[in-house]
There are 2 protein chains.
Amino acid sequence: MQGEENLSRRLREKIAHRQEILEAAKRVFARKGFHAATVDEIAQEADFSKGAMYVHFANKEDLFLSLIQEKTEELGERLEEVVHSADDLENKVRKFVKTYLDAFDEDKEFFQIIAAEHPRLTAQTQDRLQLRLRERYLETLRLVDEMMQEGIHQGRLRQTEPRFLGITLLGIIHSFTAQWLLLGRKDPLSRMESLIVELFFGGARDNRKVGSRKGEKDVSP
Amino acid sequence: MQGEENLSRRLREKIAHRQEILEAAKRVFARKGFHAATVDEIAQEADFSKGAMYVHFANKEDLFLSLIQEKTEELGERLEEVVHSADDLENKVRKFVKTYLDAFDEDKEFFQIIAAEHPRLTAQTQDRLQLRLRERYLETLRLVDEMMQEGIHQGRLRQTEPRFLGITLLGIIHSFTAQWLLLGRKDPLSRMESLIVELFFGGARDNRKVGSRKGEKDVSP
DNA sequence: TACTTTTGACTGAACAGTTAGTCAATGACT
DNA sequence: AGTCATTGACTAACTGTTCAGTCAAAAGTA
């Protein structure tokens, strides 16, 4: 009885410590990037010795990838859920954007890391964790492709390579997150949801039906 | 007479060598990124010794920033030129996009470096070169802001913060360059010019005036 | 319960590999 | 001869990783 309870106490503490290290690592990696961050600094931030790092993780890269994988997997799954639960294309896109922006507001440090390290993460590698991450990224890309393909077939999106429309949507989203990170804006990015969706579907052109102002030529091609 | 000619020959050679080093460095930085690239490897690629690096550049970072600055400055100036030389908003945007995409097709390695290192480049710093780079980036951002502001005042763009429209345009462009780099596509990105411009102005929605297909609801809000 | 033994997370210091940067010597060109 | 670009061995510092030793908690024993 007591034995089992005590054992689980040790385990719970270990897991908690692992989590503390991961959170410290997230802060340091977000500040410095993978290469410039040192194991020493992470250990210090987590208030453990350097050796303790290697109880929980095989090496620095393993620590880094473990950190990213959890969130990536979770976000990827959430995105698939919300997209598949919506019936209408416009709702799918709207929910996709909302989910992404909410995740950003919840954990900017994670997106800071991703923004800086994405090229490395999608590079070729033998590492299992990194392969899985790459796969996860491609799955999300495929999810967006599906959405676009569907929209094109329904005649609701312009007739192009679905991937190009996907790139466009993701590009707009990433550009907003990057801007929020660059300027250190504290207001929630989720407030941009409808603007982003409208810009994606309708573009930047003013579509209001008003009499033209002075000196304007007709814009439509 | 002869002396002056000889002096200039030496100078010309020195300048040429500097250029060779810069080009070798570009290849290595594009492959490895700033941190993972070593001065030894750059020297080897340039077919010089490591010591020769330090004749031309104060240190590794100076080499890196010099490399980027030249192109950045040139691209920034070219963008300002073409934008200011066009009269119409749509032409400004079109030329902006074309100039950017052409520059990408001309030198993908440069954009590979920028894509990977942009967060570091816009970070806070004391370094003079890096400060100048950050300033150059902000100037281009301002250029885009101006374009958008003008379009908004003319009633040709939707009434929002000009910066948001700028983010959108740049986001779409960057997303396409990133995709081209990720997949190693060899076909010129400049072929995407009109698609990108149309997506920016008109969005992803299909605007053709055709009878709706089966099972479609009206999409417009 | 009182004791001994075992476990294993954790420490801290040492290790080993790497790499940016230096400099005395070399050699080529004027 | 004098100047200057170039070399490449060297240094100094940094940093990821290891490991013998520590100690509190868990398990075993009577």
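All values derive from a computational prediction rather than experimental measurement. All values below were derived from every heavy atom in this structure, side-chain atoms included, with hydrogens, water molecules and symmetry-related copies excluded. Each chain gets a letter, A, B and so on, in the order its sequence line appears, and its residues count up from 1.
A straight line from CD1 of A:Ile15 to P of C:dA9 spans 11 Å, rounded to a whole angstrom. Taking atom CZ of residue B:Phe57 and atom P of nucleotide C:dG21, one finds them 13 Å apart after rounding to whole Å. Computed from coordinates, the A:Arg18 CZ to C:dC10 P distance equals 12 Å when rounded to whole Å. Taking atom CE of A:Met53 as the reference point, atom P of D:dT17 lies 13 Å away to the nearest angstrom. Atom CG in A:Asn59 sits roughly 17 Å away from atom P in D:dT15 (whole-Å rounding). Rounded to an integer number of Å, the gap from B:His17 NE2 to D:dC4 P is 16 Å. The CD-C1' distance, from B:Glu61 to C:dT19, rounds to 16 Å in whole Å.
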Please list every donor-acceptor pair under 3.5 Å in which a side-chain atom of residues 171-182 of chain A meets a protein atom from a residue at least two apart or in another chain.
| unit_1 | atom_1 | unit_2 | atom_2 | d |
| --- | --- | --- | --- | --- |
| A:His174 | ND1 | A:Leu170 | O | 3.3 |
| A:His174 | NE2 | A:Tyr100 | OH | 3.1 |
| A:Ser175 | OG | B:Ile167 | O | 2.9 |
| A:Thr177 | OG1 | A:His174 | O | 2.7 |
| A:Gln179 | OE1 | B:Arg163 | NH1 | 2.9 |
| A:Trp180 | NE1 | A:Asp187 | O | 2.8 |

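In this view, B:His56 satisfies the ring pair (Phe, Tyr, Trp, His ring centres under 6.0 Å) rule with no residue, not counting sequence neighbours. For A:Asp40, the salt bridge (charged side-chain N to carboxylate O under 4.0 Å, His left out) partners at least two apart in sequence or on another chain are A:Lys50. In this structure, the side chain to side chain donor-acceptor pair (under 3.5 Å) partners of A:Asp105, at least two apart in sequence or on a different chain, are A:Ser190. Residues meeting the ring pair (Phe, Tyr, Trp, His ring centres under 6.0 Å) test with B:Tyr54, sequence neighbours left out: none. In this view, B:Glu20 and B:His17, B:Phe48 satisfy the side chain to side chain contact (heavy atoms under 4.5 Å, CB included) rule, not counting sequence neighbours. A search for side chain to side chain contact (heavy atoms under 4.5 Å, CB included) contacts involving B:Gln149 returns B:His153, B:Pro162, not counting sequence neighbours. For the salt bridge (charged side-chain N to carboxylate O under 4.0 Å, His left out) test, residues two or more places apart in sequence or in another chain that qualify with B:Arg158 are A:Glu198.
Taking only side-chain nitrogens and oxygens, B:His56 never comes nearer than 4.0 Å to OP1 or OP2 of D:dA5.
The side chain of A:Ser49 lies closest to C:dG12, out of C:dG12, D:dT7, D:dT17.
Of the residues in residues 22-48 of chain A, those lying under 4.0 Å from DNA chain C by heavy-atom distance are A:Phe48.
One N or O donor and one acceptor, one from the side chain of B:Lys50 and one from the base of C:dG21, sit under 3.5 Å apart. The base of D:dT17 has none of its N or O atoms less than 3.5 Å from a complementary donor or acceptor on the side chain of A:Lys60.
Counting only residues at least two apart or in different chains, ring pair (Phe, Tyr, Trp, His ring centres under 6.0 Å) contacts with residues 123-145 of chain A comprise A:His118-A:Tyr137.
Residues A:Phe200 and B:Arg205 form no side-chain contact, since every pair of their non-hydrogen atoms from C-beta on lies 4.5 Å or further apart.
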Each nucleotide N or O in nucleotides 19-21 of chain D that has a protein N or O under 3.5 Å away: list the pair and distance.
none

Enumerate all atom pairs, one protein N or O and one N or O from nucleotides 5-8 of chain C, separated by less than 3.5 Å.
| unit_1 | atom_1 | unit_2 | atom_2 | d |
| --- | --- | --- | --- | --- |
| C:dT7 | O2 | A:Arg10 | NH2 | 3.3 |
| C:dG8 | O4' | A:Arg10 | NH1 | 3.3 |

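In this pair, A:His35 and B:His35 present their aromatic rings parallel. The plane angle is below 30°, not in the 30 to 60° band.
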